[in-house]
Novice: 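Take a look at the following structure, please.
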Protein chains: 2
Amino acid sequence: MGKASLHKDNLVRTAMRLFRRQGYASSGLQQILAESGAPKGSLYHYFPDGKEALGEAAVRLAADMIGRMLRDLADRHSDPTAFVRAYARTMAGWMQASDFESGCPIATTLLETAPQSPAITAAGLQAIDDWTDVIAGVFERDGMPRRSARTRAGLVISAMEGALILARVRQSTRPILDVVQIASASGTA
Amino acid sequence: MGKASLHKDNLVRTAMRLFRRQGYASSGLQQILAESGAPKGSLYHYFPDGKEALGEAAVRLAADMIGRMLRDLADRHSDPTAFVRAYARTMAGWMQASDFESGCPIATTLLETAPQSPAITAAGLQAIDDWTDVIAGVFERDGMPRRSARTRAGLVISAMEGALILARVRQSTRPILDVVQIASASGTA
DNA sequence: TTCGTTCTAGACCAATCGTTATAATTCTGC
DNA sequence: GCAGAATTATAACGATTGGTCTAGAACGAA
């Protein structure tokens, strides 16, 4: 047990990478197969429901990755501003490392499929809920009321998602780093 | 003169609508042709460079639409918070009217093509620059220094782009309406 | 009417799309 | 070694992809 099927993992990882860079529809199963190194016949064995199931798995994997990263940062930073700054710096680093070709690993897929594909949309919803929990927790821990903390967390996610779009178009990490201002702003009426 | 070719306009309009809802790669030229009502032979007559040129035109049309809307709201609202609130309400209305199927008319296309396609990326860059000008103008008019105003405008755009993603996934206009808080927040260190 | 331009139809291209079915292979427990 | 399950290869499916080419229809000006 625990093998968790190397080939299956490679398929999902490769799908995530390609969906992130070039989108869901543009990434053919052939390309995913080829770049993952998984055997041709293994795709429909591990994913009998085809591409949509692979898309869902890719979104779930991405959600886990980001979620783990956020939890790690939340453990190391009690101050919300410092936390969001670390978050922004991490994403900016990824963006730069990809030469501004890869942003959020779920945004493109979701925009192409939500809400038409229930499976992928549900996976995306869980991802956003999970991230919201973590980020709101940091604000709450700092004394912010629960409801405000969740709204603020949503704003951080929105701003980050948008910033990852602007960064690719502008070919600059500036929009990403500016997101930190959301954390330190005072609440509104 | 000024006919501006009805068929060409219909092609671009239809392309914008479809790219917005289902993405750039998922929208075939056949579908665009069919839904636009334009003659089959007219596509490559008006767009000899093919789909990419159509994508660029769609992005430019969308940029114009949003730009005009923003300028109209900027004329009617001198208070930045009121302006962003009106902006958010407009976008929320569109989102709801489309049954949460259509968000930003350029985001999906850009995520699928930037920065690989220089033409589409350039069109997207101009769009964002234009919107930034309008929004920053409202903040400046309210007394905010120019640099801060432009940064804040970028945050509003980022937050709105991200909120349009979250809205589709959540099937709720809440994330969009929350963007107004960006306008009324105090600046940061 | 005639000429030249603008526009459109239609056939066709090779390539790829996601998917299915069947058969062969490899692995695992006994 | 044998049986059965898990995995993989291969071929083919119909549909569609974006793009090209040629022929001709519709048009405007002289």
Side-chain angles (χ1 to χ4, degrees), chain A residues 1-19 21-59 108-109 112-114 116-121 123, chain B residues 1-19 21-59 108-109 112-114 116-121 123:
Chain A
M1 68 171 61
K3 243 193 51 166
S5 184
L6 173 82
H7 288 155
K8 183 177 181 180
D9 277 7
N10 281 355
L11 278 172
V12 180
R13 250 192 288 272
T14 304
M16 180 184 69
R17 204 184 73 237
L18 294 180
F19 292 166
R21 182 176 57 201
Q22 59 197 16
Y24 176 78
S26 302
S27 304
L29 297 182
Q30 289 186 179
Q31 186 186 11
I32 296 172
L33 240 1
E35 297 200 16
S36 71
K40 333 284 174 186
S42 65
L43 204 166
Y44 277 90
H45 174 73
Y46 293 115
F47 300 96
D49 290 339
K51 192 179 187 181
E52 190 176 2
L54 186 56
E56 181 190 347
V59 169
T108 313
T109 301
E112 289 179 273
T113 60
Q116 284 95 342
S117 159
I120 298 181
T121 305
Chain B
M1 67 169 65
K3 244 192 48 167
S5 183
L6 173 81
H7 289 156
K8 183 177 181 180
D9 278 7
N10 282 355
L11 278 171
V12 180
R13 250 190 288 272
T14 305
M16 180 183 71
R17 204 185 72 238
L18 294 180
F19 293 166
R21 181 176 57 200
Q22 59 197 15
Y24 175 77
S26 302
S27 305
L29 297 181
Q30 286 186 179
Q31 187 186 10
I32 296 172
L33 239 1
E35 296 200 15
S36 73
K40 332 283 174 188
S42 65
L43 205 166
Y44 279 89
H45 174 73
Y46 293 114
F47 300 97
D49 290 339
K51 192 179 186 181
E52 191 176 359
L54 186 56
E56 182 191 347
V59 169
T108 313
T109 301
E112 290 179 273
T113 60
Q116 283 95 341
S117 160
I120 297 180
T121 305

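Naming: A, B, ... by sequence-line order, numbering from 1 per chain. Not measured: the values here are computed from a predicted model.
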Novice: C:dT19, D:dT16, C:dT16: which one has an atom nearest the side-chain heavy atoms of A:Lys51?
Specialist: C:dT19

Novice: Heavy atoms under 4.0 Å, any strand shown: does B:Ser26 hit a base, just sugar-phosphate, or nothing?
Specialist: nothing

Novice: Check whether the side chains of A:Thr108 and A:Tyr24 place a donor and an acceptor atom closer than 3.5 Å, and report yes or no.
Specialist: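 Judged by distance alone, the side chains do not pair up.
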
Novice: Find the distance B:Leu29:CG to C:dC13:P and express it as a whole number of Å.
Specialist: 20 Å

Novice: When you measure from the side chain of B:Ser42 to the backbone N and O of B:Ala38, does any donor-acceptor pair fall under 3.5 Å?
Specialist: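 It does not hold such a pair.
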
Novice: Among D:dG19, C:dT19, C:dA9, find the nucleotide with the atom closest to the side chain of B:Lys40.
Specialist: C:dA9

Novice: Write down the atom of B:Leu11, the atom of B:Ile32, and the distance for their closest heavy-atom approach.
Specialist: O-CG2, 3.9 Å

Novice: Of the nucleotides C:dT20, D:dG19, C:dT8, which has the atom closest to the B:Ser42 side chain?
Specialist: C:dT8

Novice: Tell me: NZ of B:Lys8 to P of C:dT6, nearest whole Å?
Specialist: 13 Å

Novice: Rounded to the nearest Å, what distance is computed from the CG atom of residue B:Leu33 to the P atom of nucleotide D:dT20?
Specialist: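 Taking atom P of D:dT20 as the reference, CG of B:Leu33 is at 15 Å.
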
Novice: What is the distance, rounded to the nearest whole Å, between atom CD of B:Gln31 and atom P of C:dC17?
Specialist: 19 Å

Novice: Please determine, by modelled atom types, if B:Glu35 and B:Thr14 share a side-chain donor-acceptor pair under 3.5 angstrom.
Specialist: no

Novice: Side chain of A:His45 only, heavy atoms from C-beta on: which candidate in D:dT20, C:dT8, D:dT7 is closest?
Specialist: D:dT7

Novice: For A:Leu54 versus A:Ala15, what's the shortest heavy-atom pair and its separation?
Specialist: CG-CB, 3.9 Å

Novice: For B:Ile32 and D:dG19, give me the distance from atom CD1 to atom P, rounded to whole Å.
Specialist: 11 Å

Novice: Taking atom P of C:dT19 as reference, at what distance in whole Å does atom CD of A:Gln30 sit?
Specialist: 13 Å

Novice: Can you tell me if the side-chain N/O atoms of A:Tyr46 get under 4.0 Å from OP1 or OP2 in D:dT8?
Specialist: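 Checking A:Tyr46 against D:dT8: at least one side-chain N or O falls below 4.0 Å of OP1 or OP2.
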
Novice: Once you round it to whole Å, what is the distance between P of C:dG18 and CG of A:Asp49?
Specialist: 15 Å

Novice: Between atom OH in A:Tyr24 and atom P in C:dC17, what is the gap in whole Å?
Specialist: 13 Å

